[in-house]
Amino acid sequence: MSRSSTASASRPPAGRRSSRPRRGGRLRRVLLWLTGLGLLAILLAVGVFAWAYNRTDVPEPNDFAEAQSSILYYADGETELARFTGGYDREAVPLSEVPEHVRYAMLAAEDRSFYENEGVSITGTARGAWRTLTGDGLQGGSTITQQYVKNYYLTADQTLQRKFTEIIIAVKIDNEFSKDQILENYLNTIYFGRGAYGIQTASQAYFGKDVSELSVEEGAFLAGVTNAPSLFDPDYAEGNEERAEDRVAYVLDGMVEEGWLEPAEREGRGLPEIQEPSPSTAAQGVEGYIAEQARSELRELLGVDDAEIDGGGLRVTTTIVERHQQAAEEAVDLYRPTGQGTDDITVALTAVRPGDGAITAMYGGDDYQETQLNAATDARVQAGSLFKPVTLVAAVEDGVDTLQTYEGPTPMTFGEDETEVNNFQDLSFGLIDLRVALAESVNTIYVQLNEQIGPDRTREAAVDLGLPEDTPGLDTDLTNVLGTASPTLLEMTNAYATLAAEGERATPYLIDRVETVGGEVTYEAEPETEAGVERDAAVDTTDAMTYVINQGSGMAAGDLGRPTAGKSGTSENNVSAWFDGFAPQLAAGVVMYKGDGTVPMQDVAGLEQITGGTFPAQVWGEFMRLALDGEEVLEFAPRVGTGGPTDDTPTTQEPTTPAPAPTSEEPTTEEPTTTEPTEEPTTTEPTEEPTETEPDPTSPAPEPTSPAPTVPDPTTPAPTQTQPAPPGDGTEPEPTG
């Protein structure tokens, strides 16, 4: 074939054009457009960055320090209760005082290219932005300069806008400050956990020494713990020690890789010995117990760690009413036992709003700096006769009327094992109704009642009222009516609040509202309520409990000028004493114990024995008077009745077997076994049958050293409008003024 014919064959037919050049031209135009748009976007981004760079000023560090303190407020949302600023003040030190190996440890842990980069990590920033966009939060990739800016100049908000501002300030700082100055500022401001901001205070917090004295291992630990103090502080949580060991190894190995530590010096080095943590500055005095309880709730509700609580600028409104808290402190101060043998007596008080669960007052101890056990929320001692109303509400639910009468001889035996139960001082009572038996705290009558309904019903009612099912000692033994269970004061107070709310149970809470420093609301409480016990049963039990205060062991509370109901409780050998009660709009409880909760409160403060009807009743009465001063006087709902006896006059009869005066050698109830209060007093099952410790109702106790409220003469029956008073002044001695 000729060349001409070959060429002819390769050309396209006449009248047609190849499409290849057209496709290539379109592609070139698209690429040009994309290139142009890309350049335009770059120019726009550069312009925006330059504009933002010029308009952004580097804030003063001290401005951030004040703005980021987390503050707790009383329920009014305005009055400051406490603030979290960390357990140690910032103490700036020059970089020259920080050992070189400590500086290198920080670089190995956080930013090994610190002296080479321009203050930002492009890849790390992009990675963090992507995680923000995909919902993983603002994470990772920051240089030391960026971390310094984020933690000291900006808020903790996890937004792209904050990240953009962080980058601009980081670049500006990198241009304006030397690298050594940036590192110095970073070391003086970063959070190390334990409330410590800055390397100097962290050195004191973890090792009790000046930063200049830190060893290589100690410097490596401090450098590593900044990443996540809650994960690497061995004393913060179980499992942290292993993580801390790995973290220290990572830092030391990084120092070797970068040539900052000789391999021979690395050998044999690991996690150093770390001292136990000290409480934060917010945890001081009585308010310290509230602050630490609030800290615990914030962790649970918001999932935040101590770093954000101590320095995240949170504005936290609690449920604590300032007037109620002041009333609690005044009442405890006025009526706590004083004098001989009272140095180690703990007094706790808490108050709860019925039908809501808001904790309006909390006195967990005298000073959180002295002991970290919150006696209102953590201490567990046997409740004693506080459980008699629990059995009563279960009985009323089962159809028993509070006017039902029983005889109360002593002793009595119950069950196949012939468990013997005694009344205090072996006092025998004739035919009396359940209201008077509650006021007199007659053990044998209430064990009869418990046997009648079944002790499992008492346990069920306790849970229905709000006690946790796993409360120590909350079992189905016949004597559970005598208070062998060991709830906390808050749990017991909330259970009584269910009665005050006519059977509606609420979950106690302390945090009402949380805002950021910028005013964004991140949490708002919604009270959790549900049906607890039957309304009529709660009303009739409340009616019976008014007899305790009007003519029984609660008379030491004095005249509150409004309807109130309550019950005292005392454990064997007087190792704990309670008084819990309520008005329609407020429930409160008081508990008192000596030492670790196993020491008898006998022959102290001028009394042969401290019982629930002595100082606890006085503290409770004074608190309720002060807390409710000026509030509306509300009435309890009238007794309903179950169709049993209709005579509303209580049946009473003199005790038939008076006993000699009480002595410290006569135990009447089982003694709870408790641990040291620096951990948590706990109670074990009694080894013998417990009976309620109640002093002679006809023998008033000696006068206490602190003033008492005006109360009726303990030897004279207290008149009421509807019924005569029972013999004596109740089942517990009544300190008289």
Side-chain angles (χ1 to χ4, degrees), residues 350 352-359 376-400 402 434 438 446-447 449-509 527-542 544-545 565-567 569 571 578 580-582 587-589 591 672 680-686 690:
T350 193
V352 174
R353 186 174 294 120
D356 180 277
I359 302 169
T377 61
D378 299 325
R380 293 186 179 276
V381 290
Q382 286 185 333
S385 282
L386 293 188
F387 256 67
K388 285 174 180 161
V390 177
T391 298
L392 183 58
V393 75
V396 177
E397 283 186 324
D398 288 357
V400 177
T402 57
L434 289 171
L438 189 65
Y446 270 84
V447 175
L449 181 63
N450 202 32
E451 183 179 50
Q452 177 181 332
I453 65 171
D456 58 317
R457 285 288 292 119
T458 292
R459 185 187 191 284
E460 181 182 342
V463 174
D464 289 343
L465 287 169
L467 294 188
E469 292 188 5
D470 60 352
T471 300
L474 184 58
D475 51 34
T476 56
D477 290 346
L478 184 60
T479 53
N480 62 6
V481 63
L482 302 179
T484 55
S486 299
T488 66
L489 174 61
L490 178 59
E491 290 168 352
M492 203 68 215
T493 302
N494 190 59
Y496 274 31
T498 301
L499 295 174
E502 299 182 0
E504 185 176 12
R505 182 177 70 238
T507 300
Y509 65 99
E528 299 177 12
T529 61
E530 58 185 318
V533 297
E534 294 178 7
R535 185 262 179 190
D536 291 354
V539 167
D540 283 10
T541 300
T542 296
M545 293 170 71
K567 186 68 184 78
S571 59
W578 302 66
D580 271 36
F582 49 88
V591 70
E680 176 177 286
T682 57
T683 306
T684 60
E685 278 291 317

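- Side-chain contact check for T458 versus Y446: every heavy-atom pair is 4.5 Å or farther apart.
- R505 contributes no side-chain N or O that, together with a main-chain N or O of G466, makes up a donor-acceptor pair within less than 3.5 Å.
- Side-chain contact annotation: T377 with T488, donor-acceptor N/O pair under 3.5 Å absent.
- Contact annotation: the side chain of K567 never approaches that of M492 to less than 4.5 Å [non-hydrogen atoms, C-beta and beyond].
- Side-chain contact between K388 and L482: present, with at least one pair of heavy atoms (C-beta onward) separated by less than 4.5 Å.
- Residues G355 and A506 share a closest heavy-atom pair of C-CB, 4.2 Å.
- Scanning for ring pair (Phe, Tyr, Trp, His ring centres under 6.0 Å) contacts around Y496 gives an empty result, with sequence neighbours left out.
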query = Is there a side-chain contact (heavy atoms from CB on, under 4.5 Å) between D536 and E502 once you walk through the steps?
reply = CA-CA 7 Å; D536 291 354; E502 299 182 0; over 6 Å; no
message = Pair V393, L465 - check side-chain contact (heavy atoms from CB on, under 4.5 Å), show working.
response = CA-CA 10 Å; V393 75; L465 287 169; 4.3 Å; yes
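- Nearest heavy atoms, D580 versus G589: OD1-CA, 3.1 Å.
- Between Q382 and F387 the shortest side-chain heavy-atom distance does not fall below 4.5 Å.
- Counting heavy atoms from C-beta outward, T493 and F582 have side chains that stay 4.5 Å or more apart.
- In this structure, L438 and P389 have side chains that are in contact, with non-hydrogen atoms separated by less than 4.5 Å.
- Under the 3.5 Å distance criterion, the side-chain polar atoms of D475 are matched with a main-chain donor or acceptor of D477.
- Sequence neighbours left out, the pairs with a member in residues 455-468 that pass salt bridge (Lys or Arg N to Asp or Glu O under 4.0 Å) are E397-R457, D398-R457, R457-E460.
- In this structure, T471 contributes its side chain and P468 its backbone to a donor-acceptor pair below 3.5 Å.
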request  = Verify side-chain contact (heavy atoms from CB on, under 4.5 Å) between V396 and L434, making sure each step is shown before the conclusion.
outcome  = CA-CA 11 Å; V396 177; L434 289 171; over 6 Å; no
